Protein chains: 4
Amino acid sequence: MTDQSVTKTKRQRRPDDRPAEILAAALSVFAKKGFSQARMEDIAKRAGLSKGALYLYFPDKVTLLKALVTQATGGQISMASAMAQAETAVSPLIMHFATTLAARAQDTELPFILKLVIAESQAHPEIGKFYLENVVLQAIPMMEKLIARGIATGEFRAVNPAHAVKSLMGPFLLSALWRSVFEPLGAEQLDVRALITQHVDIFLKGLRP
Amino acid sequence: MTDQSVTKTKRQRRPDDRPAEILAAALSVFAKKGFSQARMEDIAKRAGLSKGALYLYFPDKVTLLKALVTQATGGQISMASAMAQAETAVSPLIMHFATTLAARAQDTELPFILKLVIAESQAHPEIGKFYLENVVLQAIPMMEKLIARGIATGEFRAVNPAHAVKSLMGPFLLSALWRSVFEPLGAEQLDVRALITQHVDIFLKGLRP
Amino acid sequence: MTDQSVTKTKRQRRPDDRPAEILAAALSVFAKKGFSQARMEDIAKRAGLSKGALYLYFPDKVTLLKALVTQATGGQISMASAMAQAETAVSPLIMHFATTLAARAQDTELPFILKLVIAESQAHPEIGKFYLENVVLQAIPMMEKLIARGIATGEFRAVNPAHAVKSLMGPFLLSALWRSVFEPLGAEQLDVRALITQHVDIFLKGLRP
Amino acid sequence: MTDQSVTKTKRQRRPDDRPAEILAAALSVFAKKGFSQARMEDIAKRAGLSKGALYLYFPDKVTLLKALVTQATGGQISMASAMAQAETAVSPLIMHFATTLAARAQDTELPFILKLVIAESQAHPEIGKFYLENVVLQAIPMMEKLIARGIATGEFRAVNPAHAVKSLMGPFLLSALWRSVFEPLGAEQLDVRALITQHVDIFLKGLRP
DNA sequence: CATGAATGAGGTTTCATTCAT
DNA sequence: AATGAATGAAACCTCATTCAT
């Protein structure tokens with residue numbers, strides 16, 4: 001108790017990439033506790049910082065969440081736009097896109113981000129809107145055009161492309177939430193890649209003329 | 001002290017179905033604010049009760065949420081078991097099941113319950129577990145058997161039934177979250193019935209031998 | 001330590017005049033500590049309440065201060081307007097007004113309110129403005145008219161009435177701040193009544209034609 | 001490691017008068033925000049220093065305030081003592097003294113210092129006491145003697161000198177607070193010189209035998 | 001059964017102060 | 001001497017829950 005040799009304050013100075021470290025800590029705490037239940041002090045501790053230091057990088061809790069969503073989501077958008085270019089057959093494109101996304105759903109924390117967005121979109125609509133506009137409303141029209149092109153070229157039979165996109169994407173959502181919601185509760189792990197591979201196969205066969 | 005016969009009128013507000021009224025109030029407040037942001041007083045007010053009276057019916061906030069999920073979810077289970085019986089062709093069964101569920105996703109508050117479960121399952125695992133065990137793990141094996149039977153009878157080609165179920169169910173999840181998460185943010189409304197009808201069509205064609 | 005007979009929570013219910021009790025408590029704490037240094041919990045304790053109960057009556061700390069100023073200040077205004085009526089000689093009116101105000105400066109907490117207003121008017125301009133508009137800018141023009149009338153009737157010699165008012169009022173301010181600022185520091189007590197009586201005497205003689 | 005002769009230029013910013021620069025910065029920030037609301041960082045920034053450097057000159061915030069009051073107040077005292085000497089008629093002395101002080105109230109930041117002292121004397125009694133002892137209790141007895149001498153020489157009629165001093169000084173206080181409290185709130189500017197000139201005129205006439 | 005005033009634990013945020021560089 | 005990142009105490013305010021009436 002009176003041991004004074006212990007450095008009671010380990011004042012660290014690592015301007016390395018504090019924001020990124022904090023975001024990583026925030027993600028893991030948010031994922032474990034949910035946004036409301038997460039305490040800023042826990043995030044700080046996990047980032048190896050004091051409570052106050054957090055506020056040097058992010059002005060408040062909500063901004064932290066926004067930054068997290070923004071960061072984790074950045075990649076998606078670019079992927080989407082890259083996809084729209086090609087002029088080859090549609091089916092392989094869809095399969096490639098699906099495989100890439102499946103890998104992300106399987107290996108990254110994206111599913112937890114998605115769960116956060118779902119959970120907090122009521123209390124913090126800016127976050128929900130951000131996701132809606134930057135992810136959902138980027139990806140969906142892109143896929144829609146792809147499907148429409150498939151129909152136009154005779155690769156697919158005539159269906160409503162807007163609805164078809166949701167047929168295609170639904171299982172991704174299911175996989176993501178399975179991972180982030182049900183697996184932590186003890187549900188068996190999902191083999192997302194296998195699931196999606198078969199799903200795309202069914203989907204593409206189902207669209208055959 | 002005062003004339004008690006007068007007071008009587010006040011109490012006549014059908015004290016019968018108080019719990020149900022409270023649950024209805026809770027659902028609408030939870031749906032609007034999310035669980036954490038919902039205040040017990042708001043629920044009480046909407047149920048036409050005082051804060052204190054709430055506690056005569058539900059011991060605490062979490063129990064209220066549990067009861068809500070239990071109640072809203074009860075129907076699903078029975079539907080599921082009823083389905084398992086029939087011995088007819090599988091495709092019409094699936095279409096019927098899908099149509100029924102689409103109607104619920106479109107017309108009831110079920111999507112909001114689902115969103116609540118997703119949002120709160122970390123902070124209150126009992127709720128997540130309850131849903132997992134009573135809804136998800138009831139419905140999925142049932143559908144799985146159905147698909148397996150279709151394969152056995154030659155109605156479907158050979159696929160992994162466990163994965164196929166998720167191909168089938170994913171768009172329901174997507175529809176539910178679209179309604180509960182994105183529509184409140186201004187996204188265009190989804191015609192769930194049309195979407196699901198086409199989805200099942202694609203899905204069943206995709207499973208043809 | 002394990003004595004359970006002690007009522008640990010003395011939940012009181014005295015809807016008597018809680019707001020007034022709270023304001024009294026607030027005044028005494030603000031007067032002792034100043035606004036910023038005053039802790040809501042101290043005010044609560046002094047009012048015989050818990051921290052939270054305070055917020056049932058006043059939504060926040062600033063509102064509490066505003067209410068205090070408003071209440072303590074209410075009387076002044078009516079006094080001012082009553083004064084403007086009479087048509088008699090001006091000197092006795094001034095003497096009467098001065099005597100009344102001296103009594104207040106001597107016997108009430110008004111000086112402490114004034115000190116609070118002065119101290120907080122930067123941080124909370126609404127409070128300063130309220131005081132300026134409802135007290136200062138009510139009293140001063142009224143006195144100005146009185147003096148102007150005295151000049152018109154030949155009771156006083158020709159002076160600038162706007163400045164003369166400040167000659168008259170200055171010592172009140174000095175008395176108030178002496179009581180609220182210097183007496184608590186150990187300065188000798190001021191006999192405000194005697195001071196003001198002599199002051200008005202000098203002032204009126206100084207205005208003789 | 002790097003060329004140090006280059007660095008030298010940076011340091012040449014007259015390190016001589018840092019304390020004075022800091023005090024000037026502190027005054028302007030305190031005047032704008034009040035003591036509690038003033039942030040050390042703002043003072044540092046305005047003084048062209050870093051937060052940390054402030055602490056090389058002043059050990060803490062309160063000391064800074066004390067130093068400010070001490071500095072701004074220094075002049076007063078010497079003026080007071082100089083005044084006590086002369087042996088001429090009292091009235092011209094008073095008029096001269098009043099004019100000098102009016103100029104200060106009009107043109108310097110003294111009114112803001114006074115307001116600070118008033119606002120903080122509860123929370124930091126040393127500051128109030130310092131002002132009381134070094135300013136108030138220096139000036140008042142001096143003026144008192146002056147008035148007593150006027151009475152003794154027959155220049156003034158017999159009044160209570162202690163009270164008369166407050167008749168004389170009150171309007172200064174009023175002017176100072178008008179400038180520091182009410183003008184920032186939008187009140188019309190006060191012509192302190194004219195006000196005081198007339199005030200002294202009234203006061204002296206009011207004291208005529 | 002019902003009320004709503006009262007409680008108090010708990011979490012976010014601020015900012016004076018410290019100290020490694 | 002100087003910097004500014006880091007610390008952590010402190011205080012406001014919220015709201016689930018209790019209980020006297």
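Keep in mind the model is a prediction, meaning the values are calculated, not measured. Letters A, B, ... are given to chains in the order of the sequence lines, protein chains preceding strands, and every chain is numbered from 1.
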Measure the distance from [atom1] on [X] to [atom2] on [N] and round it to the nearest whole Å.
X: D:Gln37; N: E:dT13; atom1: CD; atom2: C1'; value: 14 Å
X: A:His124; N: E:dT12; atom1: NE2; atom2: P; value: 11 Å
X: D:Ile43; N: E:dA16; atom1: CD1; atom2: P; value: 8 Å
X: C:Leu54; N: F:dC13; atom1: CG; atom2: P; value: 10 Å
X: C:Leu64; N: F:dC12; atom1: CG; atom2: C1'; value: 13 Å
X: B:Lys45; N: F:dC15; atom1: NZ; atom2: C1'; value: 13 Å
X: D:Leu65; N: E:dA16; atom1: CG; atom2: C1'; value: 15 Å
X: B:Glu41; N: F:dA16; atom1: CD; atom2: C1'; value: 11 Å

Would you say that C:Ser28 contacts C:Glu109 through its side chain, given a criterion of any heavy-atom pair below 4.5 Å between the two side chains?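 C:Ser28 vs C:Glu109: side chains apart.
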Any B:Arg18 side-chain N or O less than 4.0 Å from OP1/OP2 of E:dC1: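 Negative; the distance criterion is not met.
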Does A:Tyr55 put a side-chain nitrogen or oxygen below 4.0 Å from OP1 or OP2 of F:dA6?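 The answer is no; no side-chain N or O of A:Tyr55 sits under 4.0 Å from OP1 or OP2.
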Any donor-acceptor N/O pair, D:Thr73 side chain to D:Thr70 backbone, under 3.5 Å: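 Pair absent, no side-chain N/O of D:Thr73 close to backbone of D:Thr70.
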[X], nearest nucleotide to its side chain (from [options]):
X: B:Leu49; options: F:dA16, E:dT3, F:dA6; result: E:dT3
X: D:Ser50; options: F:dA2, E:dT7, E:dT17; result: F:dA2
X: D:Tyr57; options: F:dA16, F:dA2, F:dA5; result: F:dA2
X: B:Ala53; options: F:dT18, E:dA2, E:dT7; result: E:dA2

With DNA chain E as reference, determine whether A:Lys61 or D:Val62 sits nearer its 5' end, using the nearest nucleotide of each.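 In this pair, the answer is A:Lys61.
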May I ask you to say what D:Ala38 touches in the nucleic acid, namely base, sugar-phosphate or nothing, with a heavy-atom cut-off under 4.0 Å?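 Sugar-phosphate only.
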Below 3.5 Å, does any donor atom in the side chain of C:Lys51 face an acceptor in the base of E:dG10, or the other way round?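 Indeed, a donor on one side and an acceptor on the other fall under 3.5 Å apart.
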Please determine if B:Glu21 and B:Arg18 form a salt bridge, counting it only when a charged side-chain N lies under 4.0 Å from a carboxylate O.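 Yes.
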Report the base-pairing partner of F:dA1 (Watson-Crick or G-U wobble, both distances below 3.5 angstrom), or none.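 Because no pair has both required distances under 3.5 Å, F:dA1 counts as unpaired.
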In the strands shown, is F:dA16 matched to any nucleotide by a Watson-Crick or G-U wobble pair with both distances under 3.5 Å, and which?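 Paired with F:dA16, as far as the under-3.5 Å criterion goes, is E:dT7.
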Looking at A:Ile43, A:Ile22, A:Val69, A:Leu68, which hits side chain to side chain contact (heavy atoms under 4.5 Å, CB included) with A:Leu27?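 Of the listed options, the one satisfying the test is A:Leu68.
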Of B:Phe35, B:Tyr131, B:Phe130, which meets ring-ring contact (aromatic ring centres under 6.0 Å, His included) against B:His124?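 The ring-ring contact (aromatic ring centres under 6.0 Å, His included) with B:His124 is passed solely by B:Phe35 among B:Phe35, B:Tyr131, B:Phe130.
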If you assign B:Ser36 and C:Met40 each to the DNA chain F nucleotide with the nearest heavy atom, which residue ends up on the more 5' nucleotide?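 Result of the comparison: C:Met40.
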